[in-house]
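Note sheet for the following structure.
Nothing here was measured: the structure is a model prediction, and the numbers come from that model. Just so you know, ligand 1 is whichever comes first in the structure, and atom 1 is the first atom listed for that ligand.
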Amino acid sequence: MHQTVGRYGYREIRLPTFESTEVFSRGVGEETDIVSKEMYTFEDKGGRSITLRPEGTAGVVRAVLENGLLASSPLPLKSYYIQSCFRYEKAQKGRYREFHQLGIECFGTHEPAADVEVMAVAYDLLVAVGLADVVTLEINAIGCPSCRPVYHEALKQYFSEYRDKLCDTCQVRLDKNPMRILDCKNEACQDIAKNAPVMRDYLCEDCVEHFDKVQKLLQEADMAYVVNPRIVRGLDYYTNTVFEFIAEGVGTQGTVCGGGRYDGLIEQLGGQPTPAVGFGLGLERFLMLLEERGKLPPPPPGPALYAVGIGEAGRAAARRLAARLRTMGLAAETDLADRSVKAQMKAAGRLGAAFTTVLGDDEVAAGKAMLKNMDAGTEVPFELAATDALYDLLTAPVTGA
Ligand code: ATP
Ligand code: MG
């Protein structure tokens, strides 16, 4: 993941685990599920209200503004993070109270090309592990401050007729942020939402043009997508383009990755108006998908060499040999528990060491020992001082049938 995002010019940012509660209530929005129901908020010893981060974007924006990065970096500024997030939710498959996200944020351009590049980064992450055909990219346009209010009114009017049938949460949403009703998980609300007015019919000219361009660029990049007017995203700060990568088999929730454009957030958090676009990808859901499709990478290999030591001189020689190999970039281990030769050999096997050697007084005196290939069971002699030759033996490609 670090490599894939790095190829697009993203640089890692490391953020504190908690922020002033205000960062999220102002940044994410009071009416969102995240802020109204899911935050771990408490007072510290100084009486300040602090919150374990429920998402990454608001914290990145806070840090970027506090450190003046938008003024001191060439734009667009591209930042990414891999970090834990905390939400007080009903724990179930693919939904945890502490989970991890890879997120990317691209600050400083309003161009549709940025929206599409951000989607391409997520797409590449999925392609890299063979998940591209398991997920669907769904996109939508949710308008901007000039066209969304009109749509809100239309939604209010529509949903008002069904007020009594909506869930309690949606009755509150109806007054404060009716668009949030569209992605309520309650069945009755979903049924009612089916015939609700769609944002597309209310988009202003600029938004229509932006969304058309996004689609044109997606086609140009050969990225398959579907337009889903029901995608509104759970955070208040999104404007215009929103998207999700959705898969089968990730628990009740199929969304592996969600993102969009958030042109209003930076100003809302006290910065100069700055357009931005980004996504958050849930690592546990990503791993669940890999596991279900049998695409989890194999466990990392064991050490190249386990040097078994007998007696004081032999153990010292084993340690020296391992240390030299490590400086050459190979993984090498020796016994740290004063174990017998037999127990050391067993440990080497359990670790999956590719080669072993046994060093005792005789080997140290002769300056020579045997190198055993653990898979093949074959042995070849080597000189303790000839580290380069040993390196070649340890890294030679496996030959034979
Ligand atoms: P959902 O609709 O599943 O609640 P969300 O809209 O709340 O998702 P975002 O805030 O967009 O999710 O977070 C981005 C990604 O983080 C999600 O697509 C998902 O993969 C992951 N994610 C969100 N909440 C959780 C959680 N409680 N446990 C595990 N992963 C999560
Ligand atoms: Mg959620």
Parallel, tilted or perpendicular, as decided by the 30° and 60° cut-offs, for the rings of H2 and Y80: perpendicular
Salt bridge check: are E38 and R97 linked by an N-O gap of less than 4.0 Å? no
Between V256 and ligand 1, does any nitrogen or oxygen pair lie at a separation below 3.5 Å? yes
Option with minimal heavy-atom separation from atom 18 (O) of ligand 1, where the choices are T255, T32, I34, T57: T255
Sequence neighbours left out, cut at 3.5 Å: what donor-acceptor pairs do the side chains of residues 6-15 make with other protein atoms?
{"from": "Y8", "atom 1": "OH", "to": "D124", "atom 2": "OD2", "distance (Å)": "2.5"}
{"from": "E12", "atom 1": "OE2", "to": "R14", "atom 2": "NE", "distance (Å)": "3.4"}

For K185, state whether at least one heavy atom is located under 4.0 Å from any atom of ligand 1. yes
Side chain, backbone, both or neither: Q101 near ligand 1, heavy atoms under 4.0 Å: side chain
Would you tell me which option among R285, K93, E98 has the nearest heavy-atom contact to atom 19 (C) of ligand 1? R285
What part of C85, side chain, backbone, both or neither, has a heavy atom within less than 4.0 angstrom of ligand 1? neither
Note: ligand 1 atoms sitting under 4.0 Å from heavy atoms of R233 are 6 (O), 9 (P), 11 (O)
Using the ring of each side chain (for Trp, its six-membered ring), is Y162 parallel, tilted or perpendicular to Y158, with breaks at 30° and 60°? tilted
Is there a nitrogen or oxygen of Y96 sitting under 3.5 Å from a nitrogen or oxygen of ligand 1? yes
Heavy-atom distances under 4.0 Å decide this one: backbone, side chain, both or neither, for E284 against ligand 1? neither
Side chain, backbone, both or neither: the part of E38 lying under 4.0 Å from ligand 1 by heavy atom: neither
Polar side chain donor-acceptor pair, E105 to T57, under 3.5 angstrom: yes
Only heavy atoms of G282, strictly under 4.0 Å: list the atoms of ligand 1 that pass. 15 (C), 16 (O), 20 (O), 21 (C)
Check residues 220-227 and write down every donor-acceptor pair under 3.5 Å in which the side-chain atom is one partner and the other belongs to a residue at least two apart or another chain.
{"from": "Y225", "atom 1": "OH", "to": "Q215", "atom 2": "OE1", "distance (Å)": "3.0"}
{"from": "Y225", "atom 1": "OH", "to": "Q219", "atom 2": "NE2", "distance (Å)": "2.8"}

For Y262 and F107, take the angle between the two ring planes, folded into 0 to 90°, and tell me which bin it lands in: parallel under 30, tilted 30 to 60, perpendicular over 60. perpendicular
Measure the distances from the heavy atoms of E55 to every atom of ligand 1 and state whether one is below 4.0 angstrom. no
Can you tell if the side chain of T357 reaches within under 4.5 Å of the side chain of L305, non-hydrogen atoms only? yes
